[in-house]
Visitor: 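The structure under discussion is supplied below as structure tokens; questions concerning it will follow.
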Amino acid sequence: MRYAIAEAVKAESKAEVPIGAVIVKGGKIIARGHNLRETGQDPTGHAELIAIRKAARKLGSWRLLDTVLYVTLEPCTMCMGAIILARIPTVVFGCFDPKGGAAGSLFDLSNDSRLNHRVELFPQVLESECSGLLTGFFAALRLRKRIAGTPGST
């Protein structure tokens, strides 16, 4: 998870929401990703999707069997869909996303019997560090917006 946190810090350094992901196979990191939605003006620029694409290229297969995805924030519906389609068996995440999570908070796609793949979840790993990155980022963003909106400031 610490490597996923390092990816989240990279995202924050680019003024992106600090979310990071890594994919591990056989005890080794095979792919890394961090949010790049703003940088690429791409709504699919989520850390998980970037890492999944890289892992598939590295393995030469869209089936990411025997891998573990570590991500700092609970995956959204789009990312959980990709996780399921990629056949990733295990997801470890830092903090829940009550407004958009699809791994137990708002939705739970990980164990939906209507889908053809199940995902084992390990939530709240290094939760305070992961949530601290997000709360710090959004607090600073609100402060910048408030300062920018102050009359006389330029």
Side-chain angles (χ1 to χ4, degrees), residues 1-112 115-141 144:
M1 183 59 83
R2 296 221 182 271
Y3 292 102
I5 290 170
E7 287 296 314
V9 171
K10 287 181 190 177
E12 186 171 28
S13 74
K14 297 174 182 178
E16 296 279 353
V17 175
I19 301 170
V22 296
I23 297 179
V24 173
K25 182 174 176 118
K28 296 186 188 252
I29 294 174
I30 61 166
R32 301 168 190 263
H34 54 270
N35 266 17
L36 290 172
R37 289 187 341 170
E38 297 299 329
T39 302
Q41 290 301 297
D42 178 0
T44 68
H46 289 206
E48 300 96 310
L49 293 184
I50 292 165
I52 288 169
R53 286 183 193 118
K54 288 179 179 179
R57 280 194 299 270
K58 181 164 182 105
L59 296 177
S61 175
W62 60 268
R63 290 178 186 88
L64 302 182
L65 305 172
D66 303 317
T67 62
V68 178
L69 170 67
Y70 293 83
V71 62
T72 56
L73 181 67
E74 176 186 6
C76 69
T77 54
M78 175 179 66
C79 293
M80 277 303 294
I83 289 163
I84 290 164
L85 291 172
R87 309 298 194 269
I88 295 173
T90 306
V91 173
V92 179
F93 65 90
C95 54
F96 283 102
D97 180 2
K99 292 183 179 181
S105 62
L106 187 59
F107 301 104
D108 187 2
L109 299 179
S110 70
N111 199 27
D112 190 317
L115 300 173
N116 65 341
H117 178 69
R118 307 294 175 277
V119 180
E120 186 174 19
L121 300 175
F122 294 92
Q124 298 175 297
V125 174
L126 298 179
E127 179 181 26
S128 62
E129 290 180 49
C130 295
S131 64
L133 281 170
L134 291 163
T135 55
F137 174 82
F138 286 113
L141 182 63
R144 283 194 303 275

Visitor: Can you tell me if Ser105 uses its side chain to pair, donor with acceptor, with the backbone of Asp97 under 3.5 Å?
Guide: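 Between the backbone of Asp97 and the side chain of Ser105 there is a qualifying donor-acceptor contact (under 3.5 Å).
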Visitor: Heavy-atom count check: over 12 atoms from other residues, nucleotides or ligands less than 6.0 Å from Phe137 CZ?
Guide: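 Yes, the 6.0 Å shell around CZ holds more than 12 heavy atoms from other groups.
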Visitor: Before you tell me yes or no, could you show the steps for Ile50 and Leu36 under side chain to side chain contact (heavy atoms under 4.5 Å, CB included), namely the whole-Å CA-CA distance, both residues' side-chain angles and the distance that decides it to 0.1 Å?
Guide: CA-CA 9 Å; Ile50 292 165; Leu36 290 172; 3.8 Å; yes
Visitor: Quick one: does any side-chain atom of Glu74 pair with a main-chain N or O of Ala103 as donor and acceptor, under 3.5 Å?
Guide: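 Confirmed, Glu74 side chain pairs with Ala103 backbone.
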Visitor: Tell me the closest heavy-atom pair linking Met78 and Leu49, and the distance in Å.
Guide: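 Minimum heavy-atom contact is CE-CD1, 3.6 Å.
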Visitor: Looking at Asn35 and Arg37, would you say the former's side chain and the latter's main chain have a donor-acceptor pair under 3.5 Å?
Guide: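 Such a contact is absent between Asn35 side chain and Arg37 backbone.
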Visitor: Kindly say whether Arg32 contributes a backbone atom to a donor-acceptor pair with the side chain of Lys54 at under 3.5 angstrom?
Guide: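 Indeed, once roles are kept as given, a pair shorter than 3.5 Å links the two residues.
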Visitor: Looking at every heavy atom in both Gly33 and Ala51, which two are closest together, and how far apart are they?
Guide: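 Answer, listing the atom of Gly33 first, then Ala51: N-CB, 4.0 Å.
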Visitor: I need the full list of salt bridge (Lys or Arg N to Asp or Glu O under 4.0 Å) pairs touching residues 115-141, with sequence neighbours left out, sorted by first then second residue.
Guide: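 Matches after skipping sequence neighbours: Arg2-Glu129.
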Visitor: Grab the two heavy atoms, one from Met1 and one from Cys130, that are nearest each other, plus how far apart they are.
Guide: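 Minimum heavy-atom contact is SD-SG, 4.2 Å.
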Visitor: Leu115 and Leu109: which non-hydrogen atoms are nearest, and at how many Å?
Guide: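 Shortest heavy-atom contact: CD1-O, 3.7 Å.
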Visitor: Under the salt bridge (charged side-chain N to carboxylate O under 4.0 Å, His left out) rule, collect the residues that match up with Glu38, sequence neighbours excluded.
Guide: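 With neighbours one apart ignored, the set is empty.
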Visitor: Considering non-hydrogen atoms only, spot the tightest contact between Ile88 and His117 and give its length.
Guide: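 Shortest heavy-atom contact: O-NE2, 2.9 Å.
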Visitor: Just one of His34, Glu16, Lys14 clears the side-chain hydrogen bond (donor to acceptor under 3.5 Å, both in side chains) bar with Thr39, so which one?
Guide: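 For Thr39, the side-chain hydrogen bond (donor to acceptor under 3.5 Å, both in side chains) test succeeds with only one of His34, Glu16, Lys14, which is Glu16.
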Visitor: Mark yes or no for whether Thr72, through its side chain, and Gly20, through its backbone, hold a donor-acceptor pair below 3.5 Å.
Guide: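 Here the side-chain-to-backbone pair exists.
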